[in-house]
Amino acid sequence: MAENFEPHHILVTGAAGFIGSNFAHYVAREHPEVHVTVLDKLTYAGNIHNLDGIPEGQMDFVHGDICDAELLDRIVPGCDAIVHYAAESHNDNSIADPEPFVQTNVVGTFRLLEAARKYDVRYHHISTDEVYGDLALDDPERFHEGSPYKPSSPYSSSKAASDHLVRAWARTYGLRATISNCSNNYGPYQHVEKFIPRQITNVLCGIRPKLYGDGKNVRDWIHTEDHSSAVWTILTKGEIGETYLIGADGEKSNIDVLRLILAHMGKAADDFDWVRDRPGHDRRYAIDSTKLRTELGWAPKHTDFESGLDATIAWYRENEDWWRPVKEATEAKYAKQGQ
Ligand code: NAD
Ligand code: DAU
């Protein structure tokens, strides 16, 4: 049976990043009675301006590390729920240097679980479909809650490890925890290292977009606002101890997404470079979100990918001040990797 939970004060980790900041805006807009405390280390991926516009009375910001147990002792007791987004999130970075991924994604999750246990706080864990490895392009199956864990990269294996910690804390200590595994997000505030913003900002800078391998890899795209509404639904209605997969039936090959970006930005279909493939590159992700839809009544709103992509292109056009300062360094890092 699903339970109803009414949070009053949520600790949202990693909310200066892409998906966490979208969630903080979502809560401030849709549930203004709920207070959000943001805990974020402000790594290269965090930007405090992602939270601009959230009224002061509804949010406070703590600059710090989820691995810092003393800091957690100070801020967790005042909260009735933790929604844990903070992570090292980029596969290519994890291949170049896996250590911070183990530290933040595994040790950091362990510290939060210990704090949630100590202060008996409801805990929701944000994870990824990548923990299930990949599917062949012609596989009729999609990932579901019973799919075996088979992560491929240092990033996805660190996320898989953190999921296992959450399950163990729920079963052994009775922690009131839920987990969600979501597919690829797109929308505003996504770092320019990621596929869609990288290509949009490349076009805006006069750089040719870069496609890995044969471009046939498939990702299952979901607008980040739909991810936020799904997380809110699971936090407030989900069954303790359960996992829910989040997806919006948005499977697309990388080359198709790139061709849409090029077409929507007035470029020719072949105006891009093929570059070195990612080592261990997962072929296809695909989510079956039947459980979330039927048991908790969730449905995505942004079902037209092309209009969501158009709005995202417009956001990057209008917010050059936001991405320009990090663009050059990001491309320099890729250039060193031959990508
Ligand atoms: P992001 O890289 O944009 O943001 C991560 C945020 O976490 C940043 O603000 C960063 O400063 C913060 N952070 C990193 N290490 C920290 C630490 N030790 N202590 C405190 N804060 C720290 O990531 P994202 O793309 O928004 O992903 C957020 C979460 O969603 C991650 O857990 C990721 O695994 C998961 N997820 C992402 C996607 C996707 O498509 N991007 C899909 C499914 C799940
Ligand atoms: O599936 C959920 C995951 O989606 C999240 O857990 C990760 O945090 C998030 O980063 C994302 O992982 P991917 O590796 O799928 O996303 P990325 O944006 O890095 O790449 C998407 C696809 O595009 C992938 O097949 C690699 C390809 N790609 C990427 C870049 C940056 C290119 O072809 N060219 C590029 O320049």
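These values consider heavy atoms only, across backbone and side chains, with no hydrogens, waters or symmetry-generated copies. Numbering of ligands and ligand atoms starts at 1, following listing order.
- With respect to Asp134 and Arg283, no salt bridge is recorded, no charged nitrogen being found less than 4.0 Å from a carboxylate O.
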Please report the C-alpha distance between Trp298 and Ile246 in whole Å, then the side-chain angles of each, then the deciding distance to 0.1 Å, and finally whether the side-chain contact (heavy atoms from CB on, under 4.5 Å) criterion is met.
CA-CA 10 Å; Trp298 173 83; Ile246 306 173; 4.3 Å; yes
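- By the 4.0 Å N-to-carboxylate-O rule, Arg29 lies close enough to Glu225 to be salt-bridged with it.
- Put simply, no part of Pro100 is less than 4.0 Å from ligand 1, judged by heavy atoms.
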Using the rule given for side-chain contact (heavy atoms from CB on, under 4.5 Å), can you reason through His25 versus Ser228, listing the C-alpha separation, both sets of side-chain angles and the distance that settles it, and then say yes or no?
CA-CA 9 Å; His25 281 281; Ser228 293; over 6 Å; no
Are Asp220 and Ser183 close enough, and set up right, to give a side chain to side chain donor-acceptor pair (under 3.5 Å), and what steps lead you there?
CA-CA 6 Å; Asp220 192 349; Ser183 60; 4.6 Å; no
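- Classification of Asp92 and Arg278 as a salt-bridged pair holds, one side-chain N sitting under 4.0 Å from a carboxylate O.
- Looking at Arg284 and Asp139, no side-chain N of the basic residue comes within less than 4.0 Å of a carboxylate O on the acidic one, giving no salt bridge.
- For Lys159, every heavy-atom contact with ligand 1 shorter than 4.0 Å involves the side chain, none the backbone.
- Proximity of Gly64 to ligand 1 is established by a heavy-atom distance of less than 4.0 Å.
- Between His191 and Pro197 the shortest heavy-atom distance is O-CG, 3.4 Å.
- Looking at ligand 2, you'll find an N or O of Thr128 within less than 3.5 Å of one of its N or O atoms.
- With a 4.0 Å heavy-atom cut-off, ligand 2 is reached by the side chain of Asp129 but not by its N, CA, C or O.
- Within the 4.0 Å heavy-atom shell around ligand 1 one finds Ile126.
- Remark: the Thr290 side chain and the His144 side chain contain no N/O donor-acceptor pair separated by less than 3.5 Å.
- Interface of Ser127 with ligand 1, defined as ligand atoms under 4.0 Å from a residue heavy atom, comprises 43 (C), 44 (C).
- We find that Asp249 and Arg142 are joined by a salt bridge, their nearest charged nitrogen and carboxylate oxygen being less than 4.0 Å apart.
- If you check which protein heavy atom lies closest to atom 9 (O) of ligand 1, you get Asp40 OD2, 2.6 Å.
- Taking all heavy atoms of Tyr44, Phe101, Tyr85, Tyr155 into account, the minimum distance to atom 33 (C) of ligand 1 is reached by Tyr155.
- For ligand 2, the polar-atom distance check against Phe195 finds a nitrogen or oxygen pair separated by under 3.5 Å.
- The existence of a salt bridge linking Glu114 and Arg117 is confirmed by a sub-4.0 Å separation between a basic side-chain nitrogen and an acidic carboxylate oxygen.
- For Asn181 and Thr128, the side-chain atoms include no donor-acceptor pair closer than 3.5 Å.
- Checked by distance only, ligand 2 and Asn254 come closer than 3.5 Å through their nitrogen or oxygen atoms.
- Ligand 1 is never approached by His191 to a heavy-atom distance shorter than 4.0 Å.
- Of the listed residues (Ile19, Thr13, Leu112), the one carrying the non-hydrogen atom nearest atom 26 (O) of ligand 1 is Ile19.
- Under 4.0 angstrom from ligand 2, the non-hydrogen atoms of Asn91 all belong to its side chain.
- The distance criterion of under 3.5 Å between nitrogen or oxygen atoms is not met by Trp221 with respect to ligand 2.
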Please walk me through it: do Lys252 and Phe305 pass side-chain contact (heavy atoms from CB on, under 4.5 Å)?
CA-CA 10 Å; Lys252 289 205 164 21; Phe305 180 74; 3.5 Å; yes
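- In this structure, Glu193 counts as a contact residue of ligand 2, since one of its heavy atoms falls inside 4.0 Å of the ligand.
- For Glu295 and Lys237, the salt-bridge test fails: no basic side-chain N is under 4.0 Å from an acidic carboxylate O.
- Residue-to-ligand polar distances place Arg219 within reach of ligand 2: an N/O pair is separated by less than 3.5 Å.
- Looking at Lys216, Arg278, Lys210, His90 and measuring to atom 14 (O) of ligand 2, the nearest heavy atom belongs to Arg278.
- Geometrically, ligand 2 and Ser89 share a nitrogen or oxygen pair separated by less than 3.5 Å.
- By the 4.0 Å heavy-atom criterion, Gln199 is counted among the residues contacting ligand 2.
- Residue contacts with ligand 1: Ala15 is excluded, as none of its non-hydrogen atoms falls under 4.0 Å.
- Within the listing of ligand 1, atoms 11 (O) sit less than 4.0 angstrom from a heavy atom of Leu42.
- For atom 23 (O) of ligand 1, the nearest non-hydrogen atom of the protein is Ser89 OG, 3.2 Å.
- The closest non-hydrogen atom to atom 36 (O) of ligand 2, taken over Glu331, Gln339, Gln190, Arg198, comes from Arg198.
- Of the charged side-chain nitrogens involved, at least one lies within less than 4.0 Å of a carboxylate oxygen, so that Glu331 and Lys327 count as a salt-bridged pair.
- Checked against a 3.5 angstrom limit, the closest N/O atoms of Lys194 and ligand 2 fall outside it.
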